[in-house]
**Student:** 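Here's a structure for you.
Each chain gets a letter, A, B and so on, in the order the sequences are listed, and its residues count up from 1.
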Amino acid sequence: MLAPSCQPRGARLRERTFHGFLFRKFDAWLPRLCSLSRVILHLDMDAFYASVEQRDRPELRGRPVIVGSPPTQRGVVCAASYEARRFGVRSAMPSITASRLCPEGMFVSPRIDAYRAESHEVMAIVRELAGGRIQQMSVDEAYIEVTSGGPCDSSPDERLIGALPLARKLKAEILTRRHLSASVGVAPNKLLAKLASDYQKPDGLTVIRESEKVAFLRPLEVQSLHGVGHVTAENLRRAGIRTVGDLQDYSGDLRPFVGSWAAELKRFAMGEDHRPLELGDDVKSISSETTFLRDTDDRTILRQCLREAAAEITGKLARRRLAAHTVLVKVRYGNFTTLTRQFSMEEPITEAGVLFRLGCWLLGREHLVHRPLRLLGLGASSLVEDRLRQMELPLRLKGGEPQRQRHSQSLPNDPYSKS
Amino acid sequence: MKLTIGKDQLMLGLQAVQNVVGSRTTMAILNNILLNARDGRLQVTGTDLDISVTCPVVAQISTPGAITLPARKFIGIVRELGSPEIELSLDEKKQCSIRSGSSFYKINGLAAEDYPPLPQFKEVRRVVIQQETLRAMLKKTAFAVSADESRFVLNGIFFSLKDHKATLVATDGRRLALTDGEAEIPTESQGDFIVPTKAINELTRLLQGTGSLELNFSENQVAFTLKGENGFDTVITSKLVDGSYPNYRQVIPAEPLERVAIPREEFLAALKRAEIMTSDKSNSVKLAFGRNQLTITANTPEVGEGQETLAINYKGKEMAIAFNPTYLMDPLKAVETEEVYFELIDELSPGVLKINEPFLYVIMPMRMS
């Protein structure tokens, strides 16, 4: 056990103030909970795809670059340079909208492989400088847990400040070696570190000290908090809660608005976040989706699309030696209404044929293809290690399933409808 | 309608139907039970349109009549009544008065004429089987039914009626249970069909008697008439699963390589203990057959490990084969014999469990990926 002097005093006091007796019970454990004196860095590459393009193509530098489908085609913006963002262009926006907002925008087709390779280089630098405690969130984003933030008896704030040289070095090395800029947030947990990296973009470096975290959060909108989306924000608004400060001050029960998540949300509002870094390459789900050039309800095309997605997903599952308990389908219609439906099985699956069959079945069961689709996606989640696989009886379930049979009349080439 | 009935009798009828009412909200009347009073009996009926249950109970009828009453409220009141005798009477406003001891209640009903009619059978095939026989057969198969809705032909028990023999089969694609029993099957009543899981559950629940059972079936529905005394027959009618059952015969291995007798209770107890050491991620036990010894091991890196040793009479080749412990325990719980016979071919082929009665269970192993 650590010496008592090691306890993060400031944090403890606040815990006591805001959570009353509940947390007092845990006081005995606090010295052991390193989570209260953690130092977390969040590294976020600035406009990653667009910056890679601007670096590789000098003629794009200083211009509003929009990575994504050209506006003449359907499709969305993958990323926008800061020059383009000034016009209101955002990722996931339809390209046609982006071109209306930013007529001067230089549309560039995404080179996903190039970004992935670049990401690999950047993350190698991070690993080299920061050690092994890294959770990579996506191609351009990672959390880093700093274990040596100063002597054990230093205060949480001192430990955070102690990590600044590393943060500066990360930014500098990525700029020197890869000619790309990154923003870094330094904070006592993941929630705050992410907010910090976003605080002064691009090329930012922001520390949120333990002693100022509550004040830092106060003016932010509730949606800045991890996990608060439109629905939760709307529910909170009904309770008169708009800012994180409102949440901090709210003394009533939040459960009517956010359900069982109330306790964690309240902690988030106070800048408390005990989520550990997920190390290793833990994958939560694997999915694949296709946006069609033209909205379609052509069963042959949709079927082909699902078959390819199933093969891609099961390939990835196999490489990671994983099996999936849950299958999900996602559809988006012409008006951007997006629906997802999922189905869970007792035995995890690994085979493309089964994934494809369940995808087709879900689409049919939920009557999702009642009008043309703009996008069709297939996914696998609830992943488990594929150590031992339950073998199946060689039963032939074919024409015997009327729903599937009905489905396959208009959808030929289904391996499961052939006898 | 006016009648007097014992609380026990009324509860008997209500309990028989309670599971099939009130599960759909689209049609208000389906939340009601139908009461029909005539000829010295009160007929209690419930339906969810897929399954219907009708149970007659003894009552003193003063005025015959019929009404439907909201099931939850009516059952709730009757269950809590303190007196053993209950008087029910209906007024012209379709309100049913319930009098019992010092209690008096009035419940609003809906017209009996609006209740969905019970399914009628056009062409009827008729088979007679003993209730006890069918109950035992259901117990030996029902556990293997699939709950995977995407393979819904497996969401029920397959009945095959042929040559004075009823054969029941259930499988979830990973194990298969099969049993048969004697039945009176006229040649023109031969046939096969799939009874959905919910109907199986209700049937199992209501099959407590010792009399005979009449089974009628047509293209898309089946009725089980549980013969009671003096014509007090409980009837369960169900839609059939619409589809054809896979050819299960082809998955039953023809020639085993090894056959070994294992004491059932000892085997089950060992598996129950070993199963504790498995987890959701690693749900398997390994059965190692060696000379006169069966070793069961469970090894879950994040939990720990366990080992059980059973003395058996085994002289065959050494073999280690992994199974989901639940799939091994289910049949051991469903049968009552002292010994079971386990037939094996190799690590990757189905194992077969048999007893000295008409019962067969095929189980697929787990393999290292």
**Student:** Side chain, backbone, both or neither: which part of B:I363 has a non-hydrogen atom closer than 4.5 Å to chain A?
**Tutor:**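 Neither part.
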**Student:** A quick test of your reading: do over 12 heavy atoms of other residues, nucleotides or ligands sit less than 6.0 Å from NZ of B:K165?
**Tutor:**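 12 or below, so no.
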**Student:** Checking heavy atoms, do the side chain of B:F323, its backbone, both or neither come under 4.5 Å from chain A?
**Tutor:**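 Neither part.
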**Student:** Please check if atom NE2 in A:H370 has more than 12 non-hydrogen atoms from other residues, nucleotides or ligands closer than 6.0 Å.
**Tutor:**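 Above 12, so yes.
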**Student:** Check this for me: does any side-chain nitrogen of one of A:E392 and B:R151 sit under 4.0 Å from a carboxylate oxygen of the other?
**Tutor:**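 Looking at A:E392 and B:R151, the cut-off is met.
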**Student:** Evaluate whether atom CZ of A:R255 has more than 12 neighbouring non-hydrogen atoms of other residues, nucleotides or ligands under 6.0 angstrom away.
**Tutor:**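 No, CZ of A:R255 has 12 or fewer neighbouring heavy atoms, counting only those of other groups under 6.0 Å.
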**Student:** Could you look at A:L358 and say if it's the side chain, the backbone, both or neither that has a heavy atom under 4.5 Å from chain B?
**Tutor:**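 Contact with chain B is through the side chain of A:L358 alone.
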**Student:** Looking at B:Q190, I want to see if its CD is surrounded by more than 12 non-hydrogen atoms of other residues, nucleotides or ligands under 6.0 Å.
**Tutor:**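 It does: B:Q190 CD has more than 12 such atoms within range.
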**Student:** How far apart are the closest heavy atoms of A:W361 and B:E149, and which atoms are they?
**Tutor:**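 Where A:W361 meets B:E149 most closely, the heavy atoms are CZ2-O, 3.5 Å.
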**Student:** State, to 0.1 Å, how close B:N324 and A:Q390 come at their nearest heavy-atom pair, and which atoms those are.
**Tutor:**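 Shortest heavy-atom separation between B:N324 and A:Q390 comes out as CB-OE1, 3.8 Å.
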**Student:** Flag the pair A:L395 / B:Y245 as yes when at least one side-chain heavy-atom distance between them is below 4.5 Å, and no otherwise.
**Tutor:**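 Not in contact.
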**Student:** Could you grab the distance from atom OG1 of B:T171 to atom CG of A:L393, nearest 0.5 Å is fine?
**Tutor:**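 Rounded to the nearest 0.5 Å, the OG1-CG separation comes out at 5.0 Å.
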**Student:** Evaluate A:R357 against B:S150 for side chain to side chain contact (heavy atoms under 4.5 Å, CB included), listing each step before the verdict.
**Tutor:** CA-CA 9 Å; A:R357 170 176 77 78; B:S150 78; 3.4 Å; yes
**Student:** A:M345, A:H325, A:E347: which one forms the most heavy-atom pairs within less than 4.5 Å of chain B?
**Tutor:**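 Highest number of heavy-atom pairs under 4.5 Å: A:E347.
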